[in-house]
Structure formats: C-alpha cells, structure tokens
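Below is one structure, written out as structure tokens; the observations come after it.
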Amino acid sequence: MMEQGKPDAVVDLDALQPDDLKRVDCIQSPGLSRTMFNAWGQLLDLSRNARVLDVGCGIGGPARTLVDLFGCRVTGVDASPEYVHAAQAMSQRMAKAAIRERTQFVVGDALALPFEDGAFDVVWTQHVSMCIEDKMALFNEFARVTNEDGQVFVCDVGLPSSKSDGSDVAYPVFWAESPETSFLMSSDEYRQVAQAAGFAQLLTDDLTDLVLMGFEPIAAAMEGKSQVEDLPPLGLHLTLPDPARLFTYSRNHHANLLNESTRVFASVFVKE
C-alpha cells in the first residue's frame with residue numbers, strides 16, 4: 001500500500017525503509033545522523049550478539065537504526081502504550097527482515113524496568129531523563145539490568161554547567177510544558193550520578209552545534225507559520241497529542257540552545 005501526500009512524501013507502507021521515517025524518528029534533536037549512531041555503536045562495540053535495551057524508546061527510531069547498522073537485538077521500553085504500539089507496528093512494516101525480527105517493544109517504567117538482573121549488555125537512552133527527577137534511581141536500574149561489563153549510552157538535553165539553575169530555560173518544550181516537570185542537569189552532574197551507581201565515564205561529547213545545524217532548515221521552514229496545515233504530511237508533529245504545538249516546542253528548544261540556556265550532550269559509561 002502506497003501513501004502519498006506531497007510529492008516528496010511517497011512511501012510504501014508495507015516495505016518501509018529507514019529513510020522513510022527519518023522525519024518522525026528524530027524526536028527533539030535534529031542533526032544526529034546515522035553517521036553519529038554508527039560512531040557511537042562502534043564505541044560500544046555493538047555486534048549481532050549484543051543485547052541492547054532502549055529506555056524511553058518512543059516510536060522506535062533508535063532501536064531500528066541500531067539493528068539496521070549492527071544487527072544487534074534491541075528491546076525498547078516506554079511508559080506510553082501508544083508509543084510502544086506505534087513502534088511495534090512501524091518495525092513490523094520495515095522491508096528489512098532483521099529489523100522486524102530483532103526489535104521488540106514493551107510498556108514499562110524506567111524506574112522499575114520489567115527485566116531480570118543482567119539481561120542486557122548495553123542500555124541506550126535518548127532524551128528521556130530530562131523528564132525523570134530521580135536520576136539516581138534511574139542509573140541504579142541501568143546498573144541492575146546490565147551485565148558485569150555493562151555500558152550505558154545517554155544522549156540528553158542538559159544545563160551548560162552545574163552552576164546553572166535552569167531559570168533562563170524557555171518553556172514549553174518537547175519534554176515538559178513547564179519547569180515543574182523538567183529535571184535538567186549538566187553533563188558533569190550526570191557523571192557524578194553514574195559514578196554513584198557504579199559506572200565510570202568513558203567519554204562525553206557536546207553535540208549542541210550539530211543539533212543547531214540540524215535546526216537551521218527546520219527554523220527556515222517554520223518561519224511565519226503556525227498552523228498544522230503548514231506542516232508536511234509526514235513529520236514529528238504526528239507524534240504529538242496536539243500537532244500544532246510543534247511550532248512552540250521547536251522554537252523554544254532552538255532558542256534555548258542558541259542562548260546557551262541548554263546543551264545537548266552524549267555520554268558513555270561503563271561498569272567499574
């Protein structure tokens with residue numbers, strides 16, 4: 001079955017390719033390409049035998065990308081049944097058999113993961129912990145479900161330094177409508193929490209400039225627009241309860257990065 005909106009939005013819904021979903025898979029931080037995923041996966045030494053847990057998997061974009069690049073087996077977990085249903089449905093429509101066969105998605109709480117101790121080699125999480133206040137409980141769960149050589153990859157929006165209190169961050173944004181439901185920390189504070197949970201930091205990278213580059217065409221396309229009718233048939237707005245909120249979320253997120261109120265970083269931790 002083919003679906004067609006505008007001329008550039010023609011996809012075969014029964015044999016999806018990764019590029020078909022890139023407009024909806026990259027939630028919150030544009031500019032993070034497959035090249036970046038490949039580099040991170042190589043750093044984590046992902047292989048076909050690797051067992052990866054994607055915490056806060058959303059609609060499954062990172063899980064599908066990792067399987068496509070490395071052939072590993074990825075389990076996604078998310079608190080939203082709607083996201084989990086969408087992730088499973090989209091993955092089962094992929095043309096590549098490995099993606100259909102080596103991804104699975106379940107509903108679960110990041111602070112009480114529904115898995116046995118040591119079930120995974122790697123925990124992968126993108127743009128999730130900003131919504132979670134108890135970071136110590138989160139990393140303790142990461143430590144519990146990973147094996148003795150377990151690794152954790154975190155890509156998140158955070159504060160520029162531990163001295164920042166976040167008071168200059170504009171809301172609403174993708175992960176929070178107001179400061180009361182946003183729990184941002186600096187990358188150094190993440191390192192301290194991870195260490196307390198038994199992990200050593202292998203590296204951390206500031207990805208803000210890459211994300212800002214990814215925002216440039218989006219900001220240009222949104223200039224002077226505010227209606228759902230102005231959006232393409234396939235895009236990130238389809239994942240939102242109110243698609244029109246995409247304009248406000250994107251503009252505030254972009255402004256926060258430009259003003260250096262927030263940063264985007266990626267860190268890799270390994271069990272000590």
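Between H127 and W175, the closest side-chain pair of non-hydrogen atoms is not below 4.5 Å. Looking at heavy atoms from C-beta onward, E82 lies out of side-chain contact with H85 at the 4.5 angstrom threshold. Between W124 and V74 the shortest side-chain heavy-atom distance does not fall below 4.5 Å. Side chains of Y249 and E177 form a contact here, defined as non-hydrogen atoms less than 4.5 Å apart. Between D168 and N259, the closest side-chain pair of non-hydrogen atoms is not below 4.5 Å. Under the 4.5 Å side-chain criterion, counting only non-hydrogen atoms from C-beta, V157 is in contact with H253. The shortest side-chain heavy-atom distance between R191 and T204 does not fall under the 4.5 Å cut-off. Counting heavy atoms from C-beta on, the side chains of T75 and D54 never come closer than 4.5 Å.
The backbone N or O of R73 sits nowhere less than 3.5 Å from a side-chain atom of R51 that would complete a donor-acceptor pair. For N256 (side chain) and A170 (main-chain N/O), a donor-acceptor pair under 3.5 Å exists by modelled atom type. Counting only distance, with no hydrogens or angles, the side chain of R263 and the backbone of S161 share no donor-acceptor pair below 3.5 Å. Within the 3.5 Å criterion, the main-chain N or O of A143 finds a donor-acceptor partner in the side chain of K271. Judged by distance alone, the side chain of Q92 and the main-chain N or O of R100 form a donor-acceptor pair under 3.5 Å. No donor-acceptor pair under 3.5 Å is formed between the side chain of K96 and the backbone N or O of V67. The backbone N or O of L111 lies less than 3.5 Å from a partner atom in the side chain of D109, making a donor-acceptor pair.
Ring pair F153/W40 is tilted by interplanar angle, where 30° to 60° counts as tilted.
Expressed to the nearest 0.5 Å, how far OG of S267 lies from CG of D205 amounts to 8.0 Å. Atoms OG and CD, from S164 and E260 in turn, are 11.0 Å apart once rounded to the nearest 0.5 Å. Within the model, atoms CZ of F37 and CZ of F70 stand 10.0 Å from one another, a figure rounded to the nearest 0.5 Å. Note: I99 CD1 to M90 CE = 11.0 Å, rounded to the nearest 0.5 Å. Rounded to the nearest 0.5 Å, atoms CG (L207) and CE (M36) are 5.0 Å apart. Put simply, SG on C131 and CG on L184 are 9.0 Å apart, with the number rounded to the nearest 0.5 Å.
At a threshold of 4.5 Å between side-chain heavy atoms, the hydrophobic network of Ile, Leu, Val, Met, Phe, Trp and Tyr places F183 and M136 in two separate groups. V169 and L212 fall within a single hydrophobic cluster, where Ile, Leu, Val, Met, Phe, Trp and Tyr are joined by side-chain heavy atoms under 4.5 Å apart, directly or via other members. Both Y83 and L16 are part of a single hydrophobic cluster, where members link through side-chain heavy atoms under 4.5 Å apart. Following chains of ILVMFWY side-chain contacts shorter than 4.5 Å, one can reach L113 starting from V128, so the two form part of one hydrophobic cluster. Hydrophobic clustering keeps V122 apart from V270 (ILVMFWY residues linked when any side-chain heavy atoms are closer than 4.5 Å, directly or through intermediates).
Counting all heavy atoms, side chain and backbone alike, S91 lies closest to R64 at OG-NH1, 3.1 Å. Nearest heavy-atom pair, P172 versus T248, reported as atom, atom and distance to 0.1 Å: CG-CG2, 3.7 Å. Annotation for C72 and L46: closest pair SG-CD1, 4.4 Å, computed over non-hydrogen atoms. For the pair V173 and N252, the tightest heavy-atom approach, listed with the atom from each and the gap, is CG1-CB, 3.9 Å. Here the closest non-hydrogen pair linking V193 and M185 is CG2-CE, 4.0 Å. Closest approach of G166 and L159 over heavy atoms only: CA-CD2, 3.8 Å.
The closest side-chain donor-acceptor pair between D188 and S186, if any, does not fall under 3.5 angstrom. Side-chain contact, D165 with S167: a donor N or O sits under 3.5 Å from an acceptor N or O.
In this structure, Y190 has its ring center closer than 6.0 angstrom to the ring center of F265. Residues F139 and F269 bring their aromatic ring centres within 6.0 Å.
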query: Can you list the steps and then say if N147 with D121 is a side chain to side chain contact (heavy atoms under 4.5 Å, CB included)?
result: CA-CA 6 Å; N147 61 25; D121 305 299; 2.6 Å; yes

task: Could you go through the side chain to side chain donor-acceptor pair (under 3.5 Å) check for T208 and D206 one step at a time?
output: CA-CA 6 Å; T208 306; D206 191 315; 2.7 Å; yes

task: In sequence, state the C-alpha distance, the side-chain angles, and the governing distance for F199 and T146, and then conclude on side chain to side chain contact (heavy atoms under 4.5 Å, CB included).
output: CA-CA 11 Å; F199 293 96; T146 49; 4.1 Å; yes

- prompt: Passes side chain to side chain contact (heavy atoms under 4.5 Å, CB included), R48 versus R102? Steps please.
  reply: CA-CA 10 Å; R48 181 175 175 80; R102 301 184 73 82; 3.4 Å; yes

task: Decide side chain to side chain contact (heavy atoms under 4.5 Å, CB included) for D156 and M130; before the verdict, give the C-alpha distance in whole Å, the side-chain angles of both, and the deciding distance to 0.1 Å.
output: CA-CA 7 Å; D156 236 334; M130 308 101 70; 2.3 Å; yes

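No more than 12 heavy atoms of other residues, nucleotides or ligands lie within 6.0 Å of CD in E116, so this atom counts as exposed by the packing criterion.
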